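Below is one structure, written out as structure tokens; the observations come after it.
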Amino acid sequence: QVQLVESEGGLVQPGGSLRLSCAASGSIFSINTMAWYRQAPGKQRESVATITRGGRTNYADSVKGRFSISRDNAKNTVYLQMNSLKPEDTAVYYCFAEVSNPTGRWGAYWGQGTQVTVSS
């Protein structure tokens, strides 16, 4: 079994910054793509940023230039640095990882979600 544990989100003023982290643990042989998604009230879950094992990144248009995704493969951890936060960034943020176990079986795993609220 694999667990993804996210850091605590929080309340941030518009224009502020926040860094999220997500650590994977358990029966892990390799991790391919890691990503952050978010879901605002009444909306569908959407992709925010993705990063491959090799470090190739992709961002939603709404966060380009403000958010930065990175990972530490030695620690099985993915980060999301969020700058210039806007009220519309308010959502529950979820981390995601494609993980293979020692037998070579791949699975998709989600974190429990962490609330980020941007408000004055």
Side-chain angles (χ1 to χ4, degrees):
Q1 191 62 287
V2 174
Q3 298 82 38
L4 299 182
V5 179
E6 298 158 359
S7 60
E8 193 171 334
L11 174 63
V12 184
Q13 291 189 341
S17 298
L18 188 66
R19 188 192 197 206
L20 302 178
S21 65
C22 174
S25 63
S27 184
I28 298 171
F29 177 74
S30 179
I31 301 178
N32 191 10
T33 295
M34 303 185 83
W36 288 94
Y37 286 72
R38 67 185 181 187
Q39 187 167 18
K43 295 186 177 181
Q44 290 188 332
R45 189 174 298 190
E46 63 175 357
S47 175
V48 175
T50 63
I51 184 168
T52 66
R53 183 170 182 81
R56 188 171 70 249
T57 60
N58 190 53
Y59 296 93
D61 288 343
S62 59
V63 306
K64 281 181 181 177
R66 300 189 298 120
F67 289 13
S68 178
I69 188 171
S70 60
R71 64 191 283 175
D72 184 332
N73 290 331
K75 296 181 179 179
N76 293 332
T77 299
V78 63
Y79 305 94
L80 185 68
Q81 178 66 45
M82 303 183 290
N83 298 325
S84 302
L85 282 160
K86 304 176 181 180
E88 50 264 44
D89 295 318
T90 295
V92 177
Y93 284 71
Y94 299 89
C95 69
F96 168 87
E98 295 176 339
V99 181
S100 69
N101 64 19
T103 67
R105 184 171 183 175
W106 286 92
Y109 297 91
W110 293 90
Q112 78 281 7
T114 187
Q115 178 70 45
V116 174
T117 302
V118 184
S119 175
S120 55

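Note that the coordinates shown come from a computational prediction; the quantities given were computed from them, not determined experimentally.
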Quiz item: Is a salt bridge present between K86 and D89, judged by a nitrogen-to-oxygen distance below 4.0 Å?
Solution: no

Quiz item: Under a 4.5 Å cut-off applied to non-hydrogen side-chain atoms, are S7 and Y79 in contact?
Solution: no

Exercise. Indicate if I69 and Y94 have the same hydrophobic cluster label, given that clusters are the connected sets of ILVMFWY residues with side-chain heavy-atom separations under 4.5 angstrom.
Key: no

Quiz item: Going by heavy atoms in the side chains, are T33 and I51 under 4.5 Å from each other?
Solution: no

Quiz item: What closest approach, in Å, do L4 and C22 show between heavy atoms, and which atom pair accounts for it?
Solution: CB-SG, 3.8 Å

Quiz prompt | Minimum heavy-atom distance between C95 and V78, given as atom pair plus value | solution = CB-CG1, 4.4 Å

Quiz item: Does V99 reach the side chain of W106, with side-chain heavy atoms less than 4.5 Å apart?
Solution: no

Practice problem: For residues Y93 and M82, determine if any side-chain heavy atom of one lies less than 4.5 Å from a side-chain heavy atom of the other. | Solution: yes

Under 3.5 Å, sequence neighbours excluded: what are the donor-acceptor pairs made by side chains of residues 39-47?
{"unit_1": "Q39", "atom_1": "NE2", "unit_2": "K43", "atom_2": "O", "d": "3.1"}
{"unit_1": "E46", "atom_1": "OE2", "unit_2": "R38", "atom_2": "NE", "d": "2.7"}
{"unit_1": "E46", "atom_1": "OE2", "unit_2": "R38", "atom_2": "NH2", "d": "3.3"}

Quiz prompt | S17 to S84 - nearest heavy-atom pair and separation | solution = OG-N, 4.4 Å

Practice problem: Taking all heavy atoms of S68 and all of Y59, pick out the closest pair and write down the distance. | Solution: CA-OH, 3.4 Å

Practice problem: Kindly compute the distance separating CD (Q1) from OG (S25), expressed to the nearest 0.5 Å. | Solution: 10.0 Å

Exercise. Flag the pair V2 / I28 as yes when at least one side-chain heavy-atom distance between them is below 4.5 Å, and no otherwise.
Key: yes

Self-check item: Close side-chain approach of S119 and P87, heavy atoms under 4.5 Å
Solution: no

Quiz item: Can a donor-acceptor pair be found between the side chains of T90 and E88 at a distance below 3.5 Å?
Solution: no

Practice problem: Of all the heavy-atom pairs spanning I31 and A24, show the shortest one and how long it is. | Solution: CD1-CB, 3.9 Å

Quiz item: Under 3.5 Å, is there a donor-acceptor pair between the side chain of N83 and the main chain of G16?
Solution: no

Quiz item: R56 and N58: side-chain donor and acceptor closer than 3.5 Å?
Solution: no

Quiz item: Mind checking whether L80 and V12 sit in one hydrophobic cluster, side chains of I, L, V, M, F, W, Y counted as touching below 4.5 Å?
Solution: yes

Self-check item: R53 (side chain) donor-acceptor with N32 (main chain) under 3.5 angstrom
Solution: no

Quiz item: So do L20 and E6 actually touch side chain to side chain, heavy atoms under 4.5 Å?
Solution: no

Quiz prompt | Listed partners of W110 passing ring pair (Phe, Tyr, Trp, His ring centres under 6.0 Å), at least two apart | solution = Y37, F96

Quiz item: Is any side-chain heavy atom of T114 less than 4.5 Å from a side-chain heavy atom of V92?
Solution: no

Quiz item: Taking R71 for the side chain and T52 for the main chain, is one N or O donor matched with an acceptor at less than 3.5 Å?
Solution: yes

